[in-house]
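Structure first, then comments.
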Protein chains: 2
Amino acid sequence: MVCMKFPTSPDILPPRGHPAKRQSIIDAAAAVFCREGFAGANIDLVAAEAGVSRQTVYNHHGDKEKLFAAVVADITERCNARAFTVLSTFPDNPEDLEADLTVFAMRLNKGCIWGRDGRFLAKLIHAEGERHPELFETWRREGPGRVWSALAARFARLAFAGHLDIDDPDLAARQFLALVNVDLHIPWLFGETLSEEEQSASAARAVRTFLRAYGRKCEAAADALEEAHQA
Amino acid sequence: MVCMKFPTSPDILPPRGHPAKRQSIIDAAAAVFCREGFAGANIDLVAAEAGVSRQTVYNHHGDKEKLFAAVVADITERCNARAFTVLSTFPDNPEDLEADLTVFAMRLNKGCIWGRDGRFLAKLIHAEGERHPELFETWRREGPGRVWSALAARFARLAFAGHLDIDDPDLAARQFLALVNVDLHIPWLFGETLSEEEQSASAARAVRTFLRAYGRKCEAAADALEEAHQA
DNA sequence: GACGAATTAGACAAGAATGTCTAAAAAATT
DNA sequence: AATTTTTTAGACATTCTTGTCTAATTCGTC
């Protein structure tokens, strides 16, 4: 075997050393940056948490700022990938639309918002988004941009199939995500966790409201007439 | 006049020196803490931004952590006060419910979320909420707790008066706030501003969806029937 | 086993920030 | 005007952090 491991891209410098070590540094750095903020993060702490010497951190990433940028890029990528994975489980042919959407909403929460990467990314954006917006341009373009469109497309298809009554699928997608987050936001801020039941109940409430707004009007009318008859 | 300026509460140490200077220090500290985070904030910079010598900062607040706590307390109070001010403009006797709620939503945004204090408080919570939750206990109790209840009470009254159809007013209030924020969140993260028209359009979209979910069912039914007839 | 690359521990200089102290200046009060 | 309080500028010791350098050591590969 020849020693040229990266024959195709000699300009993109190959990650020197063990990729595993490189990744463990990024993971540790992500945790530390999120806990302490950029200024408060300590390279020694990152090294210790990664089980690596400080010099190795510098060897791999050269600089605190470069390390931060690498962390952002890494988490952005993982987060977007996960978002699309969850999105691929959207109920395109729902049996019970309300139940299926509720399960989907829970997956969305657990996978993207409540998960480790989601928390990290959100904290990083809040902390440094205003100061270094260029670091998050990729996220904005590939993240919300594409995810919202994709989700909107799914809703549009449901509407076309007669399961929903939607004027503006993009708006519906954004509002769906917002509703799904309603009860999770405050506990999220303080690092608290919700039990499975609470999460599920919250998702159910969000979906119920969403369907009240975007469910087929015929059904809503039928419900209303039925109630009116009973009254 | 006797020299006892604070006869009722001798234990709560009176703010020494000019209150104006004290406030300007807190304002400057708030700005710096929000920009740079707690660890990155520099007392010299706070002093300079407040137009005060560094020693004066220490005289007034003793310590970086105490200064931070004072900032949090101050902003919390102002933010909550403003929230209740806006809340007092809730349309209790709406002429045009949709229009009135839209205007109310815009006031809410401009006053509480988009305003200086709101931004500051949110950033502080995001940055330090997980590490120092005790600092924000007051906010949680007096802020979301009371504001949500108050808003829920207003919605309940509207429902009682026959303008809305709401099962759970607390939930409706939380969802209203979430919907109102949908389009503002991302630009907010990066310090961007929305034009008056965009804000107003966003509020209108939020209110329209809210009313589709919580408007009187009779109206929804009437709409549906009308459409059915036309079809 | 031998070679080269990667890693480690630790020392090190340079810079920055906190919090204290002092003497002089400014402001307010009487 | 005299006095007391507050503010100021600057020096200062201390601590912490970054980023570099070096020599020793480990690891992977041939």
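Within every chain, numbering begins at 1; the chains are lettered A, B, ... in the order of the sequence lines, protein sequences first and strands thereafter.
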Ignoring backbone atoms, establish whether [X] has a side-chain N or O less than 4.0 Å from OP1 or OP2 of [N].
| X | N | result |
| --- | --- | --- |
| S53(A) | dA9(C) | no |
| K21(A) | dG28(D) | no |
| H60(A) | dA6(C) | no |
| K66(A) | dG19(D) | no |

Could you state the [atom1]-[atom2] distance from [X] to [N], rounded to the nearest angstrom?
| X | N | atom1 | atom2 | value |
| --- | --- | --- | --- | --- |
| L67(B) | dA17(C) | CG | C1' | 15 Å |
| D44(A) | dG10(C) | CG | P | 12 Å |
| R54(A) | dG19(D) | CZ | C1' | 8 Å |
| H61(B) | dG19(C) | NE2 | P | 14 Å |
| I43(A) | dC16(D) | CD1 | C1' | 13 Å |
| F38(B) | dC16(D) | CZ | P | 15 Å |

Inset, instruction - Tell me what A41(A) touches on the nucleic acid: a base, only sugar-phosphate, or nothing, going by heavy atoms under 4.0 Å. - result: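 Sugar-phosphate contact only.
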Inset, instruction - On the 0 to 90° scale, with breaks at 30° and 60°, tag the F90(B)-F155(B) ring pair as parallel, tilted or perpendicular. - result: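 F90(B) vs F155(B) ring planes: perpendicular.
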For the side chain of [X], counting heavy atoms from C-beta on, which of [options] is nearest?
| X | options | value |
| --- | --- | --- |
| T56(B) | dT18(C), dT8(D), dT7(C) | dT8(D) |
| K64(A) | dG19(D), dT7(C), dA9(D) | dG19(D) |
| D63(B) | dG10(C), dT8(D), dG19(C) | dG19(C) |
| N42(A) | dT17(D), dG19(D), dG19(C) | dT17(D) |

Inset, instruction - Would you kindly compare G40(A) and G62(A) by the position of their nearest DNA chain D nucleotide and give the one closer to the 5′ end? - result: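 Taking each residue's closest nucleotide, the earlier one in sequence belongs to G40(A).
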Legend entry - Residue met sooner reading DNA chain D from 5', once Q55(A) and Y58(A) are mapped to nucleotides: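 Result: Y58(A).
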Legend entry - Salt bridge R140(B)-E134(B), side-chain N to carboxylate O under 4.0 Å: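 Looking at E134(B) together with R140(B), the answer is no, because their closest N to O distance does not fall below 4.0 Å.
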Inset, instruction - Could you point out which residue of N109(B), I113(B), L108(B) forms a side chain to side chain contact (heavy atoms under 4.5 Å, CB included) with L177(B)? - result: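 Exactly one option meets the side chain to side chain contact (heavy atoms under 4.5 Å, CB included) with L177(B), and it is L108(B).
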Inset, instruction - Using only heavy-atom distances, determine whether the side chains of T56(A) and S53(A) contain a donor-acceptor pair under 3.5 Å. - result: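 There is such a pair between these side chains.
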Inset, instruction - Mark yes or no for whether R131(A), through its side chain, and R35(B), through its backbone, hold a donor-acceptor pair below 3.5 Å. - result: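 Yes, the answer is positive, given that a donor and an acceptor are paired below the 3.5 Å cut-off.
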